[in-house]
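Position 1 is the first residue of the sequence; numbering continues from there. Predicted model only: the values in this text are computed from it and were never measured.
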Amino acid sequence: MTFDHALFHADLDAQPWASYTHAYGSAEDVPGHLRALAGDDDGAADEAQSELYGSILHQGSVYEASAKAVPFLARTAAAGIRTAEVLLLIGGIAEGGADPRPMPGAEPREQTGASDGRAGVSDEVACRRAVVAELPLLIASAAHENPTVRQAAAWAAGWTGAAGAALAVPALRDRLETETEPVVRAELLTALVELDPEGSGPLAAGAIAPGNPPELRTAAVLACADAGMPWTRNHHAAVLELLPLEPHVSGQYDETRNEPVHHLTLTLLERGTEADRDAVGALLDAALRHDDPDARAEAAWAAATACELSRGLPARLAPALIAAAEQDDDETGVLAVLGRLGPSGAPAADFLAARADGDGDTADRALEALITVAPERAAPLLARDLPRRPRAFQAACGGPGGALPVLPYDPELLDAVRRRLTTGEPGGGAPHRPVALLTAWGPEASAAVPELLAALAAHPLLVPKALAAVCPPERRAEVAEALARRAETGPLEVRFEAARALHGLTGDHGMLLPLVAEVLAADGGGFQEGTRAAAAAAAAVGPAAAPLVPALRAALTAPGIERNNPKMDADIALAAALHRLTGDTAEAVAVLAGVLGTGEPQWRRWTLVRAAEAAARIGPDARDLVPVLEPLLAHVELRAAAAVALHAVAPDLLGAGRAADLLLDAAEAGAAPAEAVEALVALGVAGLDAEQRARFTELAERDRRVVCSGLDGTVEPADERLRARVRAAVRGE
């Protein structure tokens, strides 16, 4: 095909690109990138392609300009210019798009602008339609002489959805019958199941046969699972025969399935049936015992996900994980998975303790796992070699982000932590971990007071709270004097933290209140969340802080000033403090109404939760907040906080029964489940009706975890704590 550059440029110039939008605003730069992509300068074309991926297909998201660019990309590909690369970009735009809703009514707008000029049509739908319009090109390219182009065309066609299926499916089926390149056949089969799972499922089932190339067989197994077909012995046997699977998908563009065993685990467990859970357990058990370490590594990663999703699979997989760990020196990552088994990993304690007694990173990882499996055995091992066990020490001190319980008090470990405080942290950093552990231990760690006092000068922001937490009665005067001295000099934040710890230790607010006033007057004192912390400190002091009321009011964001989330968080804390000190609800309610009525829950979830919690603490006097609280019920991640608040401020409008239903909805969806469960307990489990009580009980007894998000390694223990809480509440404890 002859490519008329002059006509191409003229057609580009005829479009009002500056009025279109992409990820970074105006799309006025898009025509330049499209010109360069179709030009003769390879370096400029590479740069243009990268820019287009960043702007019109930003992290998989599509925009108004994305749909407008598709016809020009198609003309470039049809001319044989960077055909495979351009087809992949077109396919990515289709993948980021969406089919029109089958029901009547306007499309929901997820981006601004109606990309194809039709009122109410979202950018996602416009992009999918734009690519569907180019299906003749994709179908023709699927028969290209170059297998790379054929593969790219098959992948792109597979993302044209219901809108493209009628045209694409017959063409791709015909192509599959004549295609000889294994990776292209695999891509064609994957595309067919993506477009027509019901009709193409039997095709995938037939492709599992041993005589087919491993690339096609692997794609077929995945396709059968994706199509919802029952998992059979044939699928199980094929996977075990093909392991490791990742080499068989490494050449595909289908990144959604580039970790096949993991993908199978997710797909089968999401079906939620006992048969599929058993299938996952059997498959991973066998894969973890496989002779090939690469196969065991694939299975280990999938097993971690299985443990995160299922309550029953940790016990089911424990023997195979232990066997794999005994065979490998942690090249497969099995040690980390053992640490996610919790009590189910108890049979691994001897092995982990022996491995933790060694040297290097493997010993550290083994001890990290032992902390969750058998903490009482881990503490002495950690105490004996604390400097060389950074991962295990982090786990002992609450894990990533402090999201886990700390290791229970142990006298040997306390001695090791005291030595650590004396010698200092590796690299000279602040002793966050030792201080976190001591603070959690409280008075049991009182022997560490001398080391904490010695560290106070070097770490004045970190140590005061720990000192107040561990201080025994007989050393209170000494610690109070040290904190008082620290509150007299130095940066404002340092003085404030020392005075706050002093108040917590002794109840003396004489030094704290002037510093609270100083922080408020200085717009937060220049430190993170300073205003919010000062307001909380004033509220903690109570009526004696009444002289601070004018300063608290003055710190509120002035009307008409745009607020970000930290500003809103500060205003919530200020409103709560004012209500606590004055008893006046009108002022606090007005502030909370301003926060709750801002919308955009996807960007300020936790700010809105804090505002709802503050409203609940006010109670019926905050009834005026009902109009801004009710819309939050539509967002599952806010439903628990909104339901609690509405029941507190207007129990006649949202009674206990309806509140319980909403809280159960939130917990079952995994949206703030711990908070929802605590709210249900506060409402009274005895007051639940039979159906609600059954739903509440099911939160503890179902196999699928209720806690479904969190930092890596924190989901399972958080879910087990929730499970125990529900069971205790059901028993009336």
Side-chain angles (χ1 to χ4, degrees), residues 304 307-308 311 314-315 318 335-346 348-349 352-353 356 364-383 386 389-418 420-421 431-448 452 462 465-466 468-470 667 670 672-678 681 699-700 705-729 733:
C307 292
E308 191 172 276
R311 289 165 167 170
L335 287 179
V337 188
L338 284 176
R340 304 178 78 147
L341 297 181
S344 298
L352 289 171
D364 190 14
R365 289 177 181 275
L367 185 54
E368 179 186 24
L370 186 63
I371 284 170
T372 65
V373 167
E376 71 287 347
R377 297 187 62 176
L381 289 171
L382 179 59
L386 184 59
R389 301 291 183 256
R391 297 181 65 93
F393 191 39
Q394 174 178 288
C397 298
L404 298 174
V406 302
L407 200 64
Y409 168 75
D410 179 84
E412 293 180 66
L413 185 54
L414 173 60
D415 290 341
V417 171
R418 293 175 66 189
R420 178 73 163 255
L421 281 172
H432 291 285
R433 294 175 186 173
V435 168
L437 190 58
L438 295 174
T439 303
W441 282 348
E444 288 183 303
S446 61
L452 288 170
L462 188 62
K465 182 179 178 182
V470 307
E675 293 80 355
V677 164
E678 289 304 323
V681 172
L699 293 174
R705 294 198 184 276
V706 176
V707 177
C708 55
S709 63
L711 296 173
D712 189 45
T714 67
V715 169
E716 300 92 331
D719 181 75
E720 292 300 329
R721 291 195 298 274
L722 179 141
R723 193 179 195 187
R725 182 72 173 108
V726 172
R727 285 175 168 169
E733 299 174 2

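Of the possible donor and acceptor atoms, none in the side chain of Asp719 sits under 3.5 Å from a partner among the backbone N and O of Cys708. In this structure a side-chain-to-backbone donor-acceptor pair under 3.5 Å is present from Arg418 to Ala447. A distance-only check finds no donor-acceptor pair linking the side chain of Arg377 to the backbone of Leu352 [under 3.5 Å]. The backbone N or O of Ala356 lies less than 3.5 Å from a partner atom in the side chain of Arg389, making a donor-acceptor pair.
Each of Arg340, Arg311, Arg705 was evaluated against Glu720; a single residue qualifies, Arg705, per the salt bridge (Lys or Arg N to Asp or Glu O under 4.0 Å) test.
Closest heavy-atom contact between Pro717 and Leu404: CG-CD2, 3.4 Å. Between Leu421 and Pro431 the shortest heavy-atom distance is CD2-CB, 3.9 Å. The minimum heavy-atom distance between Val435 and Ala466, with the atom names listed, is CG1-CB, 3.6 Å. In terms of heavy-atom proximity, Gly345 sits nearest to Val373 at O-CG1, 3.0 Å. Taking each heavy atom of Pro390 and Arg433 in turn, the nearest pair found is O-NH1, 3.1 Å. The two residues Arg420 and Pro434 come nearest to each other via the heavy atoms CG-CG, 4.0 Å.
Looking at Pro400 and Asp712, their side chains never come closer than 4.5 Å, going by heavy atoms from C-beta outward. Residues His432 and Leu462 have side chains in contact (heavy-atom distance under 4.5 Å, counting atoms from C-beta outward). The closest side-chain heavy-atom distance from Tyr409 to Pro411 is below 4.5 Å. A 4.5 Å side-chain heavy-atom check between Asp410 and Leu382 finds every atom pair outside the cut-off. When side chains are defined from C-beta on, Val726 does not count as touching Val681, because their heavy atoms never get closer than 4.5 Å. Taking 4.5 Å as the limit, every side-chain heavy atom of Val706 sits out of range of all side-chain heavy atoms of Val677. Looking at Leu338 and Thr372, their side chains never come closer than 4.5 Å, going by heavy atoms from C-beta outward.
Note that the CZ atom of Arg391 and the CD1 atom of Ile371 stand 11.0 Å from one another [nearest 0.5 Å]. Rounded to the nearest 0.5 Å, atoms CZ (Phe393) and CG (Leu407) are 10.0 Å apart.
Considering only residues two or more places apart in sequence or on other chains, Ala728 meets the side-chain contact (heavy atoms from CB on, under 4.5 Å) condition with Arg731, Glu733. Not counting sequence neighbours, the partners of Ala440 by the side-chain contact (heavy atoms from CB on, under 4.5 Å) test are Val406. Under the side-chain contact (heavy atoms from CB on, under 4.5 Å) criterion, Ala346 pairs with no residue at all, not counting sequence neighbours.
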